[in-house]
*Asks:* 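I have a structure I would like to understand better, so I am pasting it below and will then ask my questions one at a time.
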Amino acid sequence: MSSNIVANENLIQDFIDVTEEVLSTMASFEIKAVEVQEINANGHSKDVTACFDITGILGFSGGRKGSLLISFPRNIAFGAVGGMLGIEFTEIDADVRDGVSELVNMIAGGAKTKLQAKGIDFELSIPNTVIGQQHQITAGASATRTRVDFDSDLGSFFIEVNLKED
Amino acid sequence: MKVLIVDDSAVMRKIVMKALMEAGHTDLVEAADGKEALSKSGDVDVVFTDWNMPVMDGLTFVKEFRKGSNVPVVMITTEGGQKEVLEAMKSGVTDYIVKPFTPSILVSKLESLIKK
Ligand SMILES: [Mg+2]
């Protein structure tokens with residue numbers, strides 16, 4: 001059991017590192033992971049995630065199964081995608097949605113590369129976004145679901161890593 | 001010199017085009033998937049393409065494109081694993097950029113390909 005937890009923490013650290021690298025490199029947006037929690041252990045219902053205003057989501061298949069989501073309050077989505085394009089956003093338009101999709105795509109791809117080196121392989125789906133104040137996402141019951149909260153100058157957002165056991 | 005930029009993400013195409021334009025490369029064409037790219041690739045000098053795209057992915061596009069062209073193709077993708085890089089190179093990709101990337105990487109790849 002304890003070795004499982006350590007192994008999982010290593011995987012999550014890869015997702016944290018990649019998230020920080022992607023936002024810093026592509027958007028000059030500096031963030032810091034502030035909290036890592038197992039969702040099921042914290043009073044959340046088992047398979048529903050309460051999200052911010054815009055969420056990018058991408059599935060893993062073909063090996064280890066699961067999903068990754070990144071959920072932003074609108075102002076952080078504007079800051080992150082605005083940083084990528086060098087422009088300012090005031091509404092969730094096609095570019096903001098596309099930018100958030102591409103962010104989750106890059107984070108998943110970077111994590112995939114790191115996990116592949118550890119013998120964990122999977123294919124990535126095409127990313128999607130979900131929009132709406134306080135929307136919820138059902139990622140399906142799974143053995144391991146971990147939420148990482150990040151802090152930035154614009155406030156906080158989170159990623160959720162959902163990896164099923166082999 | 002004409003550069004074709006292929007990516008299903010409009011934001012990613014804009015990022016690539018902005019980097020190239022700021023470096024003085026302004027003759028740019030874009031496509032959102034491999035199929036559209038094939039129809040627009042007739043007279044281009046360099047191609048930058050994503051891998052994961054709907055309709056026709058980047059790998060399939062490069063294999064098709066290579067049947068009639070030896071123009072340099074740079075794959076820009078999140079798929080940075082050894083297995084993926086090898087597969088891309090075997091399919092005819094000339095060079096490889098892993099996302100996330102800085103604009104300077106993009107421009108230096110382009111300029112080194114032009115010199116060859
Ligand atoms: Mg793509």
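Below, chain A is the first sequence line, B the second, and so on; all start at residue 1.
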*Asks:* Ignoring hydrogens and geometry, is there a side-chain-to-backbone donor-acceptor pair from A/Asp98 to B/Val11 under 3.5 Å?
*Replies:*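 Yes, A/Asp98 side chain to B/Val11 backbone: donor-acceptor pair under 3.5 Å.
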*Asks:* Relative to chain A, which segment of B/Gln82 carries a heavy atom at a distance below 4.5 Å: side chain, backbone, both, or neither?
*Replies:*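 Contact with chain A: backbone only.
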*Asks:* So for A/Leu85, is it side chain, backbone, both, or neither that comes closer than 4.5 Å to the heavy atoms of chain B?
*Replies:*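 Contact with chain B involves both backbone and side-chain atoms of A/Leu85.
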*Asks:* Given that the side chain runs from C-beta out, which part of A/Glu21 has a heavy atom under 4.5 Å from chain B: side chain, backbone, both or neither?
*Replies:* both
*Asks:* Can you tell me if A/Ser125 uses its side chain to pair, donor with acceptor, with the backbone of A/Gly59 under 3.5 Å?
*Replies:* yes
*Asks:* Are A/Phe52 and A/Phe158 near enough that their ring centres are under 6.0 Å apart?
*Replies:*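 Yes, close enough.
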*Asks:* Pairing donors with acceptors under 3.5 angstrom, does anything connect the side chains of A/Arg147 and A/Thr49?
*Replies:* no
